[in-house]
Q: 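This is the structure I want to talk about, given as structure tokens.
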Amino acid sequence: MPAVSPDQVTDTQSQSLEIEIDDAALRQSLNADLRDSLRTITLALVVLFVIFTMRHLFLTAGAVGRVMTIASVITVALLLALAWALKRWHLPPKYAHTVIFGLAMISAGDTLLHLILAANPLQTTNLILIVVAVGFLCFSRLWWGVIVGIIDVSWLIAAMAVRESFTEMWTHFGVALISSTVVSFIVHMARLRTFRRLERLRVRDTQQQAQLKSALESTEQFRRSLQATIGIARYISSILDLDELLEQVAELIKRRYSYHYVAIYLLDETKSYLVLWAGTGEVGQARKAEGYQLEIDGPGLITWAARKRRAAGADDVQKDGRFLSTEDLPDTRSELVLPLQLGKDLLGVLDIQSNTPHAFADEDVRIFEALAAQIAIAIENARMYHRERQRRLLTEKLYDVGQALSSTLDLSEVLEIILAQLAEIVPYDRGSVMLRSDLVGGDGKALVFAAVRGFPEAANPLEMHVPIKEEDVFLEMARTQRPVIVPEVERRSDWEYLEDLPPARSWFGVPLILADGAIGMLSITRERPDPYTDEEVQLAAGFAGHAAVALENARLYDNLATAKLDLEETVAKLEERTEDLRLAYAQLERLDRTKSDFISVASHELRTPLTVLKGYSQILLGAEPIKKDEYYSQLVAGMQSGTARLNTIVESMLDMAKIDGRALQLHPESISLAMVLASVAKSLQDVLKQRSLNFVQEGLSKLPRIEADANGLRKVFYHLVVNAIKYTPDGGTITVAGRVLPATEGYYAKGGVEITVQDTGIGIDPHLQDLIFTKFYQSGEVALHSSGSTKFKGGGPGLGLAIAHGIVDAHGGKIWVESPGHDEETCPGSTFHVQLPLTARVLLEDESPEMAVDHTVG
Ligand code: ADP
């Protein structure tokens, strides 16, 4: 991993422009230059001394020539040996001056020898050359001084030794040597300065280049590392499975940066533990398998970083107090832990361990922080994807379950399907559907097992009632409308164990909720204390909703089916009764017909003897002997009034028989109702007087004439007024009023009239107000009736109103009574209404009144 960031590259460049080159470095550089020139100088000297050797051999005469030739040959040999050695071995620069000194001394020695042997100051020229050359070559003042000093002093000694007389020549060469020394010094100083400056620049340039190169290398490494990180970030963003994502991330980081161990921990739901989610190598796998987790408040670098929400690095774990050594990772030397955060939310941590100390530079921390942010986003994405997928699967699963549940309406089948589907969603050892007992005819204070699965046969739970107590899990569920999980049943002291059932280890209850509350619950038991997963809980809760609806539907359907059966039974019974009634009715009808026939026959049969009786009594009344005798006259008169009354009754019976037999003959004509009522009033005049009753007539004279049967209507009003007389105590009032009815649709298309007969009598019970219009109806005890036809509460055959009804009906009119009720004390009175059309309507044979047609009689 590179330790240089882009920022640092810039820093390095700016620093390098101000590099101070110290003397030692400069001297070393100059020495190196000198060292590099040594072979060339040596070889140049070889050439020079070969020339000298030739000259000494051929031109220098005598002993001097021989000695000098030998000296030159030795010098050449020495120089060649040096040249060879310089080529063969790498001479350290610091010895360059020593070698130069040696070369200068060999050359100077050779020249001085020649000077001494020849005793000729001309030989000094070589020394001058050597001095100048030293000035040119030696950039160290010490060496320059030593070489020039030795040469100058040696020349002086040689000159002194060989001089017989200090000639002008010697003086001249002495001055030349001193001058050359001065020149050499000046040249030396000038060269030294130039070389130093040049060298400084060169050294600086070299150093800059070196630094630039290193910076470039660092940048390149940094770029590559950044690219690797971006690569990881990009790669992980495409993984949507959380486990795979974290394992890949850990593995990639370990591989790309060659770390020792990389792990990723995620915060658990309670936010109190960091759970190892991925770890590299065998250690990681082993730890994951054992469910390795760290308490967030516990010791260690990892939990420290999680608590502080910032990167934690230990350059040397042995010196970092926060580091917690573990047996399975003994080689860790440095560690970097980075929190994985999304905004302010901590998701987990990324732990990187290296087996070398100081493995993480600041730049690494920065890069890994950026990577940690990317990992956090990828984790969130994976979790969101997972949640979304879960939701989709859940919906699909619930849809299938719903389909299965709605496939039948049979309650026992629904219960079986519920338990079968439940087992697929949440595998269980024992499962049951428990319902509130009031749903199955109980008091609702207990739960009953509606269906069970996985129960031992001996247990027979379907017979059991589990009382609902306070603090009960069922009540808790009913209140919160949420499932309840009891992971370890044994830990709940209030847990009720059912007889004959092996004890449960873990329990999971899901309420069955409908609009009006919890109708029961799904009870799931496992014999191992397995944790129920979030997915199972969610599925079970959703499933319970479907199950509750399916149960309710089945229950309603069941009720409906029962109700239908009941109804069918009732209908059958009713039909039976209807048949009985029909038979009874037919019998009654037959009896009624017999009765009507009897009335008809009897009235006809009675009529003949009655006419005879009437005729004879009439004759008797007119007979002289009777007339003379008052006593017999009274007897005959009594016979006559009895006969008359009997005649009235027989008439009524005949009318009734005609009405019953639909043989009533109407003779409509234009009549005045005022006249009809006047004749009725007249016939009852005496009775009204006798009973001190007021008879009032209102608006009758204003009534129009109507088409009707005068005789029939006389009978109608006769019966009504007679009744009014009968049921009104003495001194009461009978009011007969008439009014015109406006023309309306239907019967009264041409208008009509209404006559009301109102009395101040004893009134009629509302529930009898229809019944009194049926024939033979009489209220009260027949025996109690007063026998007089017009006496208060006098008796009658019970035909008056039936005849009135029949006649009005035959006219196409309506008759009814209104009365607040029957009371002989307060006498609330009754009002009989008779409505008649202006034009008479004749009821044709076999025609109901509704079907009657206008029948104007001209
Ligand atoms: P009846 O021959 O007995 O008068 P009706 O058919 O005329 O028979 O009357 C039937 C019954 O109606 C009577 O017995 C009586 O109870 C009741 N009723 C008729 N008219 C009146 C009335 N104006 N006030 C009270 N009750 C009456």
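Just follow the structure's listing: the first ligand is 1, and inside any ligand the first atom is 1. Treat the numbers as computed from the prediction; the structure is a model and nothing was measured.
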Q: Would you say that more than 12 heavy atoms from the other residues, nucleotides or ligands in this model lie under 6.0 Å from the CZ of Arg607, or not?
A: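 Check fails, neighbour count at 12 or below.
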Q: Please list, in number order, the atoms of ligand 1 under 4.0 Å from a heavy atom of Ser830.
A: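 Counting from 1, the qualifying ligand atoms are 24 (N).
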Q: Relative to ligand 1, is Asp759 under 4.0 angstrom through side chain, backbone, both or neither, heavy atoms considered?
A: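 Contact part for Asp759 vs ligand 1: side chain (C-beta onward).
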Q: Using a 4.0 Å heavy-atom threshold (strictly under), name the region of Lys726 that reaches ligand 1: side chain, backbone, both or neither.
A: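 Side chain only; the backbone of Lys726 stays clear of ligand 1.
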Q: Got a sec, which residues hit side-chain hydrogen bond (donor to acceptor under 3.5 Å, both in side chains) with Thr826, two or more places apart in sequence or on another chain?
A: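 For Thr826 the side-chain hydrogen bond (donor to acceptor under 3.5 Å, both in side chains) partners, ignoring immediate neighbours, are Asp823.
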Q: Considering only heavy atoms, does Asn723 approach ligand 1 within less than 4.0 Å through its side chain, its backbone, both, or neither?
A: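 For Asn723, backbone and side-chain atoms both sit under 4.0 Å from ligand 1.
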Q: Apply salt bridge (Lys or Arg N to Asp or Glu O under 4.0 Å) to Arg590 and list each qualifying residue two or more places apart in sequence or on a separate chain.
A: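 Listed in chain order: nothing, the list is empty.
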Q: I need the atoms of ligand 1 closer than 4.0 Å to a non-hydrogen atom of Gly798, numbered in the order shown.
A: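 Under 4.0 Å from Gly798, ligand 1 has these atoms: 1 (P), 2 (O), 3 (O), 6 (O), 8 (O).
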Q: Locate the shortest heavy-atom distance separating Glu754 from Gln835; write the atom from each residue and the value.
A: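 Residues Glu754 and Gln835, closest heavy atoms: OE2-NE2, 2.7 Å.
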Q: Heavy-atom contacts with Ile772 under 4.0 Å: which atoms of ligand 1 show up? List them by number with element.
A: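 Taking each heavy atom of Ile772 in turn, ligand 1 has 12 (O) under 4.0 Å.
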Q: Parallel, tilted or perpendicular: which fits the ring planes of Trp816 and His833, with parallel below 30° and perpendicular above 60°?
A: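 The arrangement is parallel - the two ring planes meet at less than 30°.
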Q: For the side chain of His822 and the backbone of Gly763, is there at least one donor-acceptor N/O pair under 3.5 Å apart?
A: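 Such a contact is found between His822 side chain and Gly763 backbone.
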Q: Do any nitrogen or oxygen atoms of Leu801 lie less than 3.5 angstrom from nitrogen or oxygen atoms of ligand 1?
A: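 Leu801 vs ligand 1: N/O contact under 3.5 Å present.
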Q: Among Phe832, Phe776, Tyr727, which one has a heavy atom closest to atom 14 (O) of ligand 1?
A: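 Looking at heavy atoms only, Tyr727 sits closest to atom 14 (O) of ligand 1.
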